[in-house]
There are 2 protein chains.
Amino acid sequence: MNHTHRLSSEEIATYVKVMSDPTRLLIIKLVSKKEYCVCQFVDMFEMSQPSISQHLKKLKSFGLVEETRRGQWRFYSLNTASDAIGIVHAIMNQISDQDERYIELINKERPVDCG
Amino acid sequence: MNHTHRLSSEEIATYVKVMSDPTRLLIIKLVSKKEYCVCQFVDMFEMSQPSISQHLKKLKSFGLVEETRRGQWRFYSLNTASDAIGIVHAIMNQISDQDERYIELINKERPVDCG
DNA sequence: TTTATATATAAGTAAATGATTATATAAATG
DNA sequence: CATTTATATAATCATTTACTTATATATAAA
């Protein structure tokens, strides 16, 4: 049982749009491997904290990522139960683990205690 | 030889964005089966001719579709030689041939001589 | 309980998007 | 050549997007 219902083309367009931003696309690639907290994304993407938060909010509101709070941090991970998991994987499969930008991000990864 | 080079995540985001509009998404689905002229799209989507033309222009400018002129018509088809053909297929595979909206479009298809 | 840290939210803004209407172009037809 | 038909392009506009700065909230630490 792969899925309960296929998404409509309209729904697919919506999810594709959510993933059409380069930052969100790479956030999804990252969380598909492991969880990250907001401050780690801020470090890796070298973007403002509100900007990262807003991208995460969008991803979460469309059900693509999950949030778990631990201490003062909020960790984000891929929602593998999402209706959109099929498209997510279809698109993620297009991004190589050797992608230059992705490698750059990984190299900038710092421990959770961002201080 | 599947492809000469993998696309960067930035390029993938760009192509994903081009396909993130519901009209363009279905145009690609349609041309992946056979060629259509502009007036057929106008009929099927019940959209204005300039709007359709602009969507086609965008798809063509990103190399996703090809244009061939025959008589007074311009036919559009999938550019199977596109760098983006991998993502295109990955996303198209998510859209069922039984998709409601897609079937609707097919049912509204009229012969090329639109007059 | 004050202060620092992590994150979210609000408000504002410039740029991009997708439509519309009007007009231009180019081929076919009379 | 004048007219029709098919399509493209230009100009305009409302909406959405992704950022910024400023502020709020919530947890942890001192």
Side-chain angles (χ1 to χ4, degrees), chain A residues 9-10 13-28 30-31 35-62 64-77 101 109-115, chain B residues 9-10 13-28 30-31 35-62 64-77 101 109-115:
Chain A
S9 55
E10 286 94 338
T14 299
Y15 287 120
V16 165
K17 191 171 188 180
V18 172
M19 289 186 275
S20 72
D21 177 86
T23 301
R24 287 196 297 272
L25 193 69
L26 284 167
I27 286 178
I28 296 175
L30 288 165
V31 297
E35 63 176 19
Y36 288 91
C37 78
V38 179
C39 66
Q40 291 179 301
F41 289 130
V42 171
D43 280 343
M44 291 191 283
F45 286 95
E46 299 181 72
M47 282 177 72
S48 73
Q49 176 269 313
S51 192
I52 292 293
S53 267
Q54 283 155 17
H55 282 304
L56 290 169
K57 184 182 187 177
K58 176 164 279 190
L59 290 173
K60 193 186 159 199
S61 74
F62 284 91
L64 299 189
V65 302
E66 287 176 320
E67 179 199 287
T68 51
R69 305 186 185 194
R70 234 165 26 245
Q72 45 190 334
W73 297 286
R74 301 200 186 181
F75 291 89
Y76 287 88
S77 55
R101 181 97 177 88
E109 186 181 332
R110 286 208 271 159
V112 176
D113 190 334
C114 293
Chain B
S9 56
E10 287 94 336
T14 300
Y15 287 120
V16 164
K17 191 171 189 179
V18 171
M19 290 187 276
S20 72
D21 177 87
T23 302
R24 287 196 297 271
L25 193 70
L26 283 167
I27 286 178
I28 296 176
L30 288 165
V31 299
E35 62 177 19
Y36 288 91
C37 77
V38 179
C39 66
Q40 291 179 302
F41 289 129
V42 171
D43 280 343
M44 292 191 282
F45 286 94
E46 300 182 69
M47 283 178 71
S48 73
Q49 176 267 314
S51 192
I52 292 292
S53 267
Q54 283 156 15
H55 282 306
L56 291 169
K57 184 184 187 175
K58 176 163 280 192
L59 291 173
K60 194 187 159 200
S61 74
F62 284 91
L64 299 189
V65 302
E66 286 176 320
E67 179 200 287
T68 50
R69 303 185 186 194
R70 229 159 37 240
Q72 46 190 334
W73 297 286
R74 300 198 188 183
F75 292 89
Y76 287 88
S77 55
R101 181 97 178 87
E109 186 181 332
R110 287 209 271 158
V112 177
D113 191 333
C114 293

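Chain letters run A, B, ... following the sequence lines, proteins first and then strands; every chain starts at 1. Scope of the values below: all heavy atoms of this structure, side chains included, with no hydrogens, waters or symmetry mates.
By the side chain to side chain contact (heavy atoms under 4.5 Å, CB included) test, A:Arg74 pairs with A:Glu67, A:Arg69, A:Tyr76, sequence neighbours left out. Applying the salt bridge (charged side-chain N to carboxylate O under 4.0 Å, His left out) criterion to A:Arg24, with sequence neighbours excluded, gives no partner residue. Applying the side chain to side chain contact (heavy atoms under 4.5 Å, CB included) test to A:Ser53 and every residue at least two apart in sequence or in another chain returns A:Val38, A:Gln49. Not counting sequence neighbours, A:Lys57 has no partner by the side chain to side chain contact (heavy atoms under 4.5 Å, CB included) test. For A:Glu66, the side chain to side chain contact (heavy atoms under 4.5 Å, CB included) partners at least two apart in sequence or on another chain are A:Ser77, A:Asn79. Every residue two or more places apart in sequence or in another chain that forms a ring-ring contact (aromatic ring centres under 6.0 Å, His included) with B:Tyr36 is listed here: B:Phe41. Residues forming a side chain to side chain donor-acceptor pair (under 3.5 Å) with A:Ser20 (at least two apart in sequence, or on another chain): none.
Protein atom OH of B:Tyr36 is 19 Å distant from nucleotide atom C1' of D:dA6, rounded to whole Å. The CD-P distance, from A:Glu46 to D:dT20, rounds to 13 Å in whole Å. One interatomic measurement links the two molecules: CH2 of B:Trp73 to C1' of D:dT4, which rounds to 13 Å at whole-angstrom precision. Between A:Glu67 atom CD and D:dT25 atom P there is a gap of 17 Å when expressed in whole angstrom units.
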Pairs under 3.5 Å (N/O, protein and nucleotides 15-19 of chain C):
residue : atom : partner : partner atom : Å
C:dT17  : OP1  : B:Lys17 : NZ           : 3.4
C:dG18  : OP1  : B:Arg24 : NH2          : 3.4
C:dG18  : OP2  : B:Arg24 : NH1          : 3.1
C:dG18  : OP2  : B:Arg24 : NH2          : 3.3
C:dA19  : OP2  : B:Ser51 : OG           : 3.3
C:dA19  : OP2  : B:His55 : NE2          : 2.3
C:dA19  : O5'  : B:Ser51 : OG           : 3.3

Could you list, one pair per line, each protein nitrogen or oxygen that sits under 3.5 Å from a nitrogen or oxygen of nucleotides 28-30 of chain D, together with the distance?
none

Distances under 3.5 Å between nitrogen or oxygen atoms of protein and nucleotides 22-26 of chain C:
none

Open item on the list: Under the criterion side chain to side chain contact (heavy atoms under 4.5 Å, CB included), I'd like the reasoning laid out for B:Arg70 against B:Glu35: C-alpha separation, chi angles, the key distance, then a yes or no.
Closed with: CA-CA 12 Å; B:Arg70 229 159 37 240; B:Glu35 62 177 19; 2.5 Å; yes
TODO: Tell me, with the steps shown, if B:Leu30 and B:Met44 meet side chain to side chain contact (heavy atoms under 4.5 Å, CB included).
DONE: CA-CA 11 Å; B:Leu30 288 165; B:Met44 292 191 282; 3.9 Å; yes
Open item on the list: Taking Watson-Crick (N1-N3 plus N6-O4 or O6-N4) and G-U wobble (N1-O2, O6-N3), each under 3.5 Å, can you produce the dot-bracket string of DNA chain D? Use [ ] for crossing pairs and | for inter-strand ones.
Closed with: ||||||||||||||||||||||||||||||
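Residue-level contact check: B:Tyr76 touches the backbone only, with heavy atoms under 4.0 Å from sugar-phosphate atoms and none from bases. B:Phe41 comes within contact range of no nucleotide atom at all, as no heavy-atom separation falls under 4.0 Å.
A donor-acceptor pair under 3.5 Å is formed between the side chain of A:Gln40 and the backbone N or O of A:Arg110.
Here B:Leu64 contributes atom CG and B:Ile28 contributes atom CD1; the two are 5.0 Å apart, rounded to the nearest 0.5 Å. Note that CD of A:Glu109 is 10.0 Å distant from CG of A:Asp43, once rounded to the nearest 0.5 Å.
Scanning all heavy atoms of the two residues, the minimum distance from B:Met47 to B:Thr23 falls at SD-OG1, 3.6 Å.
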